[in-house]
Structure formats: C-alpha cells, structure tokens
Participant: 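Got a structure for you, written out below as structure tokens; questions coming shortly.
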Amino acid sequence: MANLKHLLLAGLLAFSAPALAADTAAFDAFGGKAGIDRLATDFVTRMEQDAKIGAFFKDSNPERLRKMLADQFCAELSGPCTYTGQTMQQSHARFEIRREHFNRLVEILQDTMNVQGVPFWAQNKLLAKLAPMARDVMHNAERTGLPVAPLAPPPKPE
C-alpha cells in the first residue's frame, strides 16, 4: 500500500512539474537576455526619435529607461530578471497619454521586434503580457491629481 502511495505521488509530481516550470520558449526566441537588451536599446532610440511620441521622452534618462524596459520584458517573458521599477501608473502619471500615443508605442515595439527578428508568436506572447497595462499608462490628470507634462513647449510670449 505504501508503495502504491509513493508511486501515485511520483506520478502526480512528474505530470505537474512541467506545468510548474516557467515557459521560457518566448524568452529564448527573443535571444535571451542579450537579445532583450538589444531590443530595449533599439526600442528606446526609436521612441525618442518618433515624431508622435518622442516629446514624452525628451526629459528621460535613456539608459535607465532602457534598463527598466529590458528588465520588464525579461521578467514578463519568464527570464531570469526582476523588474524593480515603478508601477505603470506611477511612471506615467504626469503624462497625458492618449490612445493614439499608446498605439504608436505599440507600433514602434512591433517594428523593433520585426527588425530584431523576433518570431511573430513570441511577439504576441510579450504583447499579451503588456496589453493589460494599457489602462494604467493611459489616463488623465483629473484621475491622478498630478500635473501633466505638455507634449510640446508652451508658445513663446510675443
């Protein structure tokens, strides 16, 4: 009887172990940590240079932003990283980010992943992890009570 219990327990553990293990296939498809670092570097450069959303990044620290994005992407893809940055709501609270800004950022991320050769299925895996964060990124100053950083400098007085 004891042998049967051990056998059943061993069988249950054998079948549940793969379910408990992190699925790192997408992380690997991104090229591991080095590939995610390259992606984040290219992504930050493209966002900063973009005519539609570049103004949001004019006062940012590009190296810190690159590191935070790389850590976040790595963690979301079950890689060996921990994201230690602010919540999405905290880090975007002072910006009036609208749907068109968010959509442009996603387009830039998709373009960057294509250029980096990330397979489509792996792109979808990351995008699916990031999508729920949209509501914390897109919001308005009335909800947060924080001042809003303008997209463009105010006009010069005449």
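Keep in mind the model is a prediction, meaning the values are calculated, not measured. Worth knowing before you read on, the calculation uses all heavy atoms, side chains too, and leaves out hydrogens, waters and symmetry mates.
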Participant: Is the closest side-chain heavy-atom distance between Tyr83 and Leu69 below 4.5 Å?
Facilitator: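 A side-chain contact is absent here, since even the closest heavy-atom pair is not under 4.5 Å.
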Participant: Mind checking salt bridge (charged side-chain N to carboxylate O under 4.0 Å, His left out) for Asp50 and listing every partner two or more places apart, or none if nothing turns up?
Facilitator: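 Applying salt bridge (charged side-chain N to carboxylate O under 4.0 Å, His left out) to Asp50 gives Arg104.
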Participant: So which atom in Phe43 and which in Thr112 form the shortest heavy-atom distance, rounded to 0.1 Å?
Facilitator: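 Shortest heavy-atom contact: N-CG2, 3.7 Å.
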Participant: State, yes or no, whether a side-chain contact exists between Met113 and Leu39 at a heavy-atom distance under 4.5 Å.
Facilitator: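 Met113 vs Leu39: side chains touch.
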Participant: Rounded to the nearest 0.5 Å, what separation is found between the CD1 atom of Ile97 and the CG atom of Asp136?
Facilitator: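 It is 11.0 Å, given to the nearest 0.5 Å.
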Participant: For Ser78 and Thr24, work out which heavy atoms get closest and say how close.
Facilitator: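 Heavy atoms of Ser78 and Thr24 come nearest at O-CG2, 3.4 Å.
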Participant: Side-chain donor-acceptor pairs under 3.5 Å in residues 30-38, sequence neighbours left out?
Facilitator:
residue: Lys33; atom: NZ; partner: Asp37; partner atom: OD1; Å: 2.7

Participant: Would you say the side chains of Thr45 and Glu48 form a donor-acceptor pair under 3.5 Å?
Facilitator: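 Side-chain D/A pair, Thr45 to Glu48: absent.
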Participant: Within the 4.5 Å heavy-atom criterion, are Leu109 and Phe73 side-chain neighbours or not?
Facilitator: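 A side-chain contact exists here, since the closest heavy-atom pair is under 4.5 Å.
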Participant: Can you tell if the side chain of Gln72 reaches within under 4.5 Å of the side chain of Met133, non-hydrogen atoms only?
Facilitator: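 Counting from C-beta outward, Gln72 and Met133 do come under 4.5 Å.
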Participant: Ile53 and Ile108: which non-hydrogen atoms are nearest, and at how many Å?
Facilitator: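 Closest pair (atom of Ile53, atom of Ile108, distance): CD1-CD1, 3.6 Å.
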Participant: Just how far is it from atom CG of Leu130 to atom CE of Met88, taken to the nearest 0.5 Å?
Facilitator: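 These two atoms lie 9.0 Å from each other.
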Participant: Considering only heavy atoms from C-beta outward, does the side chain of Arg98 approach that of Met138 to under 4.5 Å?
Facilitator: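 No, every pair of side-chain atoms sits at 4.5 Å or beyond.
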Participant: Tell me, which pairs form a disulfide (SG to SG under 2.5 Å) where one or both residues lie in residues 30-70, sequence neighbours left out?
Facilitator: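 Counting only pairs at least two positions apart or across chains, no disulfide (SG to SG under 2.5 Å) contact touches residues 30-70.
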Participant: Mind jotting down which residue pairs meet the disulfide (SG to SG under 2.5 Å) criterion with at least one end in residues 57-107? Sequence neighbours excluded, please.
Facilitator: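 Every pair satisfying disulfide (SG to SG under 2.5 Å) with a residue in residues 57-107: Cys74-Cys81.
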Participant: Kindly list each side-chain donor-acceptor pair under 3.5 angstrom involving residues 116-128, sequence neighbours excluded, with atom names and distances?
Facilitator:
residue: Gln116; atom: NE2; partner: Asp42; partner atom: OD2; Å: 3.2
residue: Gln123; atom: NE2; partner: Asn114; partner atom: OD1; Å: 2.8
residue: Gln123; atom: NE2; partner: Val118; partner atom: O; Å: 2.9
residue: Lys125; atom: NZ; partner: Asp23; partner atom: OD2; Å: 3.2

Participant: I'd like to check the side chain to side chain contact (heavy atoms under 4.5 Å, CB included) partners of Asn61; sequence neighbours left out, ordered by chain and number.
Facilitator: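 By the side chain to side chain contact (heavy atoms under 4.5 Å, CB included) rule, Asn61 matches Glu63, Arg64.
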Participant: Could you check whether any side-chain N or O of Gln49 sits under 3.5 Å from a backbone N or O of Arg46, counting only pairs where one atom can act as donor and the other as acceptor?
Facilitator: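 The answer is no, because no donor-acceptor pair under 3.5 Å joins these two groups.
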Participant: In Å, rounded to the nearest 0.5 Å, how long is the span from CG of Leu105 to CD of Glu100?
Facilitator: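 Atom-to-atom, Leu105:CG and Glu100:CD are 13.0 Å apart.
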